[in-house]
Amino acid sequence: MTESEKREAERKKAEKKERRLLRRHRRVFAFLRVLLGGFFRRKFNYSYDSLAELKGPYLLLANHNMELDPALVGIAAKHQLYFVASEHITRKGIGGWILKTFFRPIIHTKGKTGARSVMEIIKTLKRGSSVCLFAEGNRSFNGVTGDILPATGKLARAAGASLVTFRLEGGYLTQPRFSLSLRKGKIFGRLVHVYTPEELKAMSEEEMNAAIVRDLHEDAYETEAREKVSFRGRNLTEGIESTLFYCPSCGAFSTLKSTKDAVQCSCGFRAVYGEYGELTCSDGVTRNMRDWDHEMHEELRRRVLDGSFEGFTDEISVRLIGADHKAGAAHKGILQASLDGISFDGTKLTYDDIAGVAIFSRNFMNIIVGAEERQYDVRGELNFCALKYMYLWKMMKEELQYDHS
């Protein structure tokens, strides 16, 4: 057999394997949709615009609020989708093995450049399969759709397939990012727009990005003001300090502590989270997560800019993640952040050293270091607030970029 014949034989073998895997993925997807679809619709009072009549392959972009968003999108889609997922799922033991074997997610490491995952998305679409990407790359912390990378428009135009925008409403108040439990309310999946390849080619990247941001924008509190849905559950306030790190009464950072029913600061300030997403506060002000988040974000920015920021400190464990996505041994230590940089496990980093900071699951943190994108998995106690470190890193990077310009 000649060398070219060997290559042709290998190509045909790979294609045959790919077709076999695709059949497996489609059967599993269809089986689980039938098995779990009714349960999810009842459990979350979920209704949706059906995507069953859409012809694939297409790239579906959705906003992201719940860990179960892929299931909600899949129920609406009816036909099999490949999902872009954070690489931390590869470290979930048997659960990670099941996901990789039966769903083959397109893996992306949060905080890293996404060139490899972009190529896999395009490759999957060209094979004739549809792909779902949660465009924010992270679940919302405050009930509002987060930043969408400008490269998203470029990807949508380069994919050569139709683009579908699908907005989920009610997911944030069903599972706030801080929450240790689910609440029962109402979720709706809305088909916003289908862009044909011809439409995409006629749009600039800026126009495409603007359309995506507009289509996927969801403010949980604007929707709640309109719909007035009760989101009921147990222990509604528990864990809220994993997102909120600022007391609006005394101005202190990292002093909030929650119980099942309330969150309280050492100064005596107290707030209770209600079934409509409202926080009834002892200072007479009714807040929500969006407004409180804005308030603490701006206070942190003020202290960074005027130099009065005194730092963050938390007990954590840290693991180095290898190129094979496997985690090394965990080391317990102290995570510290100041205006000069971040230190942990004997490692001292300036903000120039840090290429990315991202949060996955509820409050686990990825710190990406250097051009080689060395990855650290940082975890604290149950109510550890990773968000304050991510906010600080983003602000310091903005200041460094301004100084260098």
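Since we're looking at a predicted model, the values are computed, not measured. Numbers here are sequence positions counted from 1.
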request  = Could you go through the side-chain contact (heavy atoms from CB on, under 4.5 Å) check for L163 and M208 one step at a time?
outcome  = CA-CA 10 Å; L163 172 68; M208 190 68 260; 3.5 Å; yes
query = Atom CG of D293 and atom CG of N142: how far apart are they, to the nearest 0.5 Å?
reply = 4.5 Å
query = Is atom CG of D147 surrounded by more than 12 heavy atoms (other residues, nucleotides or ligands) closer than 6.0 Å?
reply = no
request  = Could you tell me the separation between the CZ atom of R287 and the SG atom of C281, rounded to the nearest 0.5 Å?
outcome  = 4.5 Å
message = We want to know whether Y376 and D345 form a side-chain donor-acceptor pair, criterion being a heavy-atom distance below 3.5 angstrom.
response = no
note = Closest non-hydrogen atoms of V357 and I354, given as atom of the first, atom of the second and distance, are CG2-CG2, 3.8 Å
query = Judged by atom type as modelled, is there a donor-acceptor pair below 3.5 Å linking the side chain of N363 to the main-chain atoms of F384?
reply = yes
request  = Using atom types as modelled and distance alone, determine if a side-chain donor or acceptor of D283 lies under 3.5 Å from a backbone N or O of S249.
outcome  = no
ask   = Hey, does the side chain of T237 reach the backbone of V272 with a donor-acceptor pair shorter than 3.5 angstrom?
value = no
key: Parallel, tilted or perpendicular, as decided by the 30° and 60° cut-offs, for the rings of Y195 and H193   = tilted
request  = Look only at the side chain of E278 and the backbone of Y276, and say whether a donor-acceptor pair between them is shorter than 3.5 Å.
outcome  = yes
Passing option when F178 is tested against Y273, F245, F141 for ring-ring contact (aromatic ring centres under 6.0 Å, His included) = Y273
Minimum-distance pair of heavy atoms, taken over all atoms of A161 and L125 = CB-CD2, 4.3 Å
message = Nearest 0.5 angstrom please: I75 CD1 to S50 OG, how far?
response = 11.5 Å
task = From the options R183, R177, Q175, select the one residue that forms a side chain to side chain donor-acceptor pair (under 3.5 Å) with S179.
result = R183
message = Using modelled atom types and a 3.5 Å cut-off, is there a donor and acceptor pairing between side-chain atoms of N65 and backbone atoms of G171?
response = no
task = Just say parallel, tilted or perpendicular for the rings of H64 and F134, cut-offs at 30° and 60°.
result = parallel
query = Can you find a pair of side-chain heavy atoms, one from L392 and one from F309, that are under 4.5 Å apart?
reply = yes
query = Would a distance-only check, ignoring hydrogens and angles, find a side-chain to backbone donor-acceptor pair under 3.5 Å from D353 to T350?
reply = yes
inquiry  = Just to verify, what does S308 make a side-chain hydrogen bond (donor to acceptor under 3.5 Å, both in side chains) with, not counting sequence neighbours?
reply    = D306
query = If you measure from CZ on R319 to CZ on R379, what distance do you get to the nearest 0.5 Å?
reply = 4.5 Å
ask   = Side chains of E218 and T223: closer than 4.5 Å at any heavy-atom pair?
value = yes
ask   = If every non-hydrogen atom of F231 is compared with every non-hydrogen atom of G170, which pair is closest and at what distance?
value = CE2-O, 3.5 Å
query = side-chain contact (heavy atoms from CB on, under 4.5 Å) between R33 and Q80: does it pass, once the steps are laid out?
reply = CA-CA 9 Å; R33 186 179 183 277; Q80 188 255 356; over 6 Å; no
ask   = What's the shortest heavy-atom distance between L72 and Y46, and which atoms?
value = O-OH, 2.7 Å
ask   = Could E169 and R190 be called an ion pair, given the rule that one side-chain N must be under 4.0 Å from one carboxylate O?
value = yes
ask   = Near E207 CD, under 6.0 Å, is it more than 12 heavy atoms from other residues, nucleotides or ligands?
value = yes
message = If you define the side chain from C-beta out and look only at heavy atoms, does anything of L155 sit under 4.5 Å from L59?
response = yes
message = Between S129 and R127, do the side chains contain a donor N or O and an acceptor N or O under 3.5 Å apart?
response = no
ask   = With distance as the sole test, does E241 use its side chain to make a donor-acceptor pair with the main-chain N or O of S258 at under 3.5 Å?
value = yes
message = I'd like to know whether Y58 forms a side-chain contact (heavy atoms from CB on, under 4.5 Å) with L81, so could you lay out the CA-CA distance, the side-chain angles of the two residues, the decisive distance to 0.1 Å, and finally the verdict.
response = CA-CA 9 Å; Y58 54 77; L81 292 165; 4.0 Å; yes
query = N209 side chain to G153 main-chain N or O, any donor-acceptor pair under 3.5 Å?
reply = yes
request  = Please tell me if the side chains of R157 and E205 come closer than 4.5 Å, counting only heavy atoms from C-beta onward.
outcome  = yes
ask   = Do R303 and E299 sit within salt-bridge range, that is, some charged N less than 4.0 Å from a carboxylate O?
value = yes
key: Contact check, side chains of M396 and L339, non-hydrogen atoms, under 4.5 Å   = yes
message = Contact between E298 and H294 at the side-chain level, heavy atoms closer than 4.5 Å - yes or no?
response = yes
request  = Compare all side-chain heavy atoms of M296 with those of K388 and state whether any distance is below 4.5 angstrom.
outcome  = no
task = Check the angle between the aromatic planes of F360 and F364 and answer parallel, tilted or perpendicular using the 30° and 60° thresholds.
result = perpendicular
task = Identify the two heavy atoms, one from L168 and one from V73, that lie closest to each other, and give their separation to 0.1 Å.
result = CD1-CG2, 4.2 Å
Gap separating the CD1 atom of I240 from the SG atom of C385, nearest 0.5 angstrom = 11.0 Å
inquiry  = Please check this pair: side chain of D219 against backbone of E222, looking for a donor-acceptor N/O pair closer than 3.5 Å.
reply    = yes
inquiry  = With a 4.5 Å cut-off on side-chain heavy atoms, are F40 and L68 touching?
reply    = yes
task = Taking atom types as modelled, find out whether Y172 and N63 have a side-chain donor-acceptor pair closer than 3.5 angstrom.
result = no
inquiry  = Evaluate V144 against Y221 for side-chain contact (heavy atoms from CB on, under 4.5 Å), listing each step before the verdict.
reply    = CA-CA 8 Å; V144 181; Y221 299 101; 5.6 Å; no
ask   = Rounded to the nearest 0.5 Å, how far does SG of C267 lie from CZ of R270?
value = 13.0 Å
request  = Could you tell me whether E67 and R139 make a salt bridge, using a distance below 4.0 angstrom between a side-chain N and a carboxylate O?
outcome  = yes
key: Side-chain (T165) to main-chain (V192) donor-acceptor, under 3.5 angstrom   = no
Shortest non-hydrogen separation from W292 to Y246 and the atoms involved = NE1-O, 2.9 Å
message = How about CZ on R232, more than 12 heavy atoms from neighbouring residues, nucleotides or ligands closer than 6.0 Å, or not?
response = no
